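These numbers come from a predicted model, not from an experiment.
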Amino acid sequence: MTRLHVIDGTYELFRAHFSRRPARSDHQGRDVKAVHGLLSSLLSLLDEPDEAVTHLAVAFDHPIESFRNDLFGGYKDSSGVDDAVIAQFDLAEQAVASLGVTVWSMDTHEADDALASAAKHFADDVDQVRILTPDKDLGQVVRGKHVVQVDRAREREFDEDGVRDRLGVSPTSVPDLLALVGDTADGIPGLPGFGAKSAGLLLNRYLHLDAVPPDAGDWDIAVRGADRLASTLRDRLDDALLYRHLATLVDNLDLECRLADLRFDGTDRSTWQDFCAPLNFEGLIERPTTWR
């Protein structure tokens, strides 16, 4: 079976940094806990028989800011982010590359855009695409059981039915849902009064927010507070459409690679050991199980 695993490296880096792992410094006293945790996670993934990794890539937000910050001032940025994490971004990309894994370093776009583009571009060439991130916005990329989303931390997998169970809408309506209810992780505020239940009822009936009749009297489903919600949507439709645009992933990026370039065929021992040694990563030096 051919599987493409695409990973949100930024999420993994933050997860490792804020985990309960012990502090870790390199020979120069720099904080390298996040990079160590990221590598440990990747090595565990490569060793998991159930994952059966054949092709693999990791995408990073580098920098965190993207074109979406130019569209909306409240969108997530690097302000308030722990400097110790920011300082490890370059090293994290070097670390993944030293393991023998393809790195996508995103600047104008986000890591999520790279994951969405990879899923769309390579889906027909593999038996399954597995998107490794818990971010809600990646739910829009899921297709049947062929393109799935995986939350490794919680050991959960979301196929198309799973996205509906989790978010209350089908994948195609995920950007509309986030536009209405907001997404605090990305700084999308949503519209006042809309919750997951009311937004889900509307989107399951009308699929997209701009297809919802502007007058609640024309709604053919019962929604609590319908008049108030319809008024909000009429008055704030431009805002909602902007929020949906922010939540819609770009899936047509040229990632400048072929599927063959993403095949994981092992780690070069000297490259890996030269990378690990000055970082005090002694415990990782012999961890790879496939060498080339």
Side-chain angles (χ1 to χ4, degrees), residues 3-64 78 81-107 111 114-115 118 130-135 150-156 257 261-292:
R3 279 180 159 182
L4 172 60
H5 288 70
V6 288
I7 301 173
D8 182 347
T10 304
Y11 164 75
E12 291 290 342
L13 198 64
F14 275 81
R15 182 164 76 98
H17 178 74
F18 291 106
S19 71
R20 296 181 179 179
R21 294 172 178 272
R24 185 174 293 272
S25 301
D26 68 0
H27 290 335
Q28 300 177 40
R30 297 179 302 173
D31 185 344
V32 291
K33 173 185 174 181
V35 173
H36 186 276
L38 168 68
L39 288 175
S40 295
S41 178
L42 286 177
L43 286 163
S44 295
L45 173 70
L46 290 168
D47 286 343
E48 288 180 27
D50 289 343
E51 287 296 339
V53 177
T54 61
H55 297 73
L56 178 66
V58 180
F60 290 93
D61 299 303
H62 200 175
I64 292 176
S78 56
V81 176
D82 192 334
D83 289 340
V85 184
I86 297 293
Q88 294 180 68
F89 270 64
D90 286 334
L91 189 63
E93 293 185 2
Q94 297 169 24
V96 174
S98 72
L99 185 58
V101 175
T102 296
V103 173
W104 293 322
S105 182
M106 311 307 294
D107 48 15
L115 305 185
R130 297 176 67 78
I131 305 170
L132 274 58
T133 175
D135 289 357
V150 179
D151 181 350
R152 291 182 69 214
R154 296 172 180 82
E155 298 182 341
R156 299 184 67 187
C257 64
D261 299 324
L262 306 181
R263 175 174 287 280
F264 180 74
D265 57 3
T267 302
D268 180 81
R269 188 182 294 272
S270 62
T271 299
W272 173 249
Q273 293 181 345
D274 287 347
F275 175 82
C276 289
L279 298 176
N280 289 333
F281 288 179
E282 291 87 355
L284 298 182
I285 286 182
E286 296 299 331
R287 274 280 306 277
T289 55
T290 305
W291 300 102
R292 55 178 170 82

Query raised in the report: Any sub-3.5 Å donor-acceptor pair from Asn280's side-chain atoms to Ser25's backbone N or O?
Result: yes
Query raised in the report: Do Thr10 side-chain atoms and Asp61 backbone N/O form a donor-acceptor pair below 3.5 Å?
Result: yes
**Report entry** Under 3.5 Å donor-acceptor, Trp272 side chain and Ile285 backbone
**Finding:** yes
Report task. Evaluate the criterion side-chain contact (heavy atoms from CB on, under 4.5 Å) for residue pair His17 and Asp31; output intermediate values, then yes/no. Result -> CA-CA 10 Å; His17 178 74; Asp31 185 344; 3.9 Å; yes
**Report entry** CG on Asp274 to CZ on Arg269, rounded to 0.5 Å
**Finding:** 12.0 Å
Report task. Would you name the heavy atoms of Pro134 and Arg154 that are closest together and state the gap between them? Result -> CB-NH1, 4.3 Å
Requested in this report: Apply the side chain to side chain contact (heavy atoms under 4.5 Å, CB included) test between Leu56 and each candidate in Val96, Ile7, Leu99; give the one that qualifies.
Outcome: Ile7
Query raised in the report: Are side-chain N/O atoms of Ser44 and Arg152 paired as donor and acceptor at under 3.5 Å?
Result: no
Requested in this report: Report yes or no: do Asp107 and Ser105 form a side-chain donor-acceptor pair below 3.5 Å?
Outcome: no
Query - Flag, side chain of Ser41 to backbone of Gly37, donor-acceptor distance under 3.5 Å - result: no
Query raised in the report: Judged by modelled atom types alone, do Thr289 and Asp47 share a side-chain donor-acceptor pair under 3.5 Å?
Result: yes
Query raised in the report: CG of Leu284 to CZ of Phe275: how many Å apart, nearest 0.5 Å?
Result: 9.5 Å
Query raised in the report: With no hydrogens and no angle check, is any side-chain donor or acceptor of Glu93 less than 3.5 Å from a backbone partner on Phe89?
Result: no
Requested in this report: Drop me the distance from Glu12's CD to Leu132's CG, to the nearest 0.5 angstrom.
Outcome: 7.0 Å
Query - Non-hydrogen atoms of Thr267 and Pro288 that approach each other most closely - result: OG1-CB, 4.0 Å
Report summary line: Output for pair (Leu91 CG, Leu279 CG), nearest 0.5 Å, gives 5.5 Å
Report task. State whether the side chain of Thr54 and the backbone N or O of Arg3 hold a donor-acceptor pair below 3.5 Å, judged by distance alone. Result -> yes
Query raised in the report: For the residue pair Val103 and Ala97, what are the closest heavy atoms and their distance?
Result: CG2-N, 3.8 Å
Query raised in the report: How many angstroms lie between CG in Leu262 and OG1 in Thr102, if you round to the nearest 0.5 Å?
Result: 5.0 Å
Query raised in the report: Does CZ in Arg292 sit with more than 12 non-hydrogen atoms of other residues, nucleotides or ligands closer than 6.0 Å?
Result: yes
Requested in this report: Return the minimal non-hydrogen interatomic distance between Ala114 and Ala59, and the atom names on each side.
Outcome: CB-CB, 3.9 Å
Requested in this report: Only counting residues at least two apart or in another chain, list the ones meeting salt bridge (charged side-chain N to carboxylate O under 4.0 Å, His left out) with Asp83.
Outcome: none
Query raised in the report: Is there a side-chain contact (heavy atoms from CB on, under 4.5 Å) between Thr290 and Leu46 once you walk through the steps?
Result: CA-CA 9 Å; Thr290 305; Leu46 290 168; over 6 Å; no
Report summary line: Taken to the nearest 0.5 Å, the spacing of Asp26 CG from Lys33 NZ works out to 15.5 Å
Query raised in the report: If every non-hydrogen atom of Val58 is compared with every non-hydrogen atom of Gly9, which pair is closest and at what distance?
Result: CG1-CA, 3.5 Å
Query raised in the report: Within the side chain of Gln88, is there an N or O that forms a donor-acceptor pair under 3.5 Å with the backbone of Val35?
Result: yes
Query raised in the report: Leu13 and Ala92: which non-hydrogen atoms are nearest, and at how many Å?
Result: CD1-CB, 3.8 Å
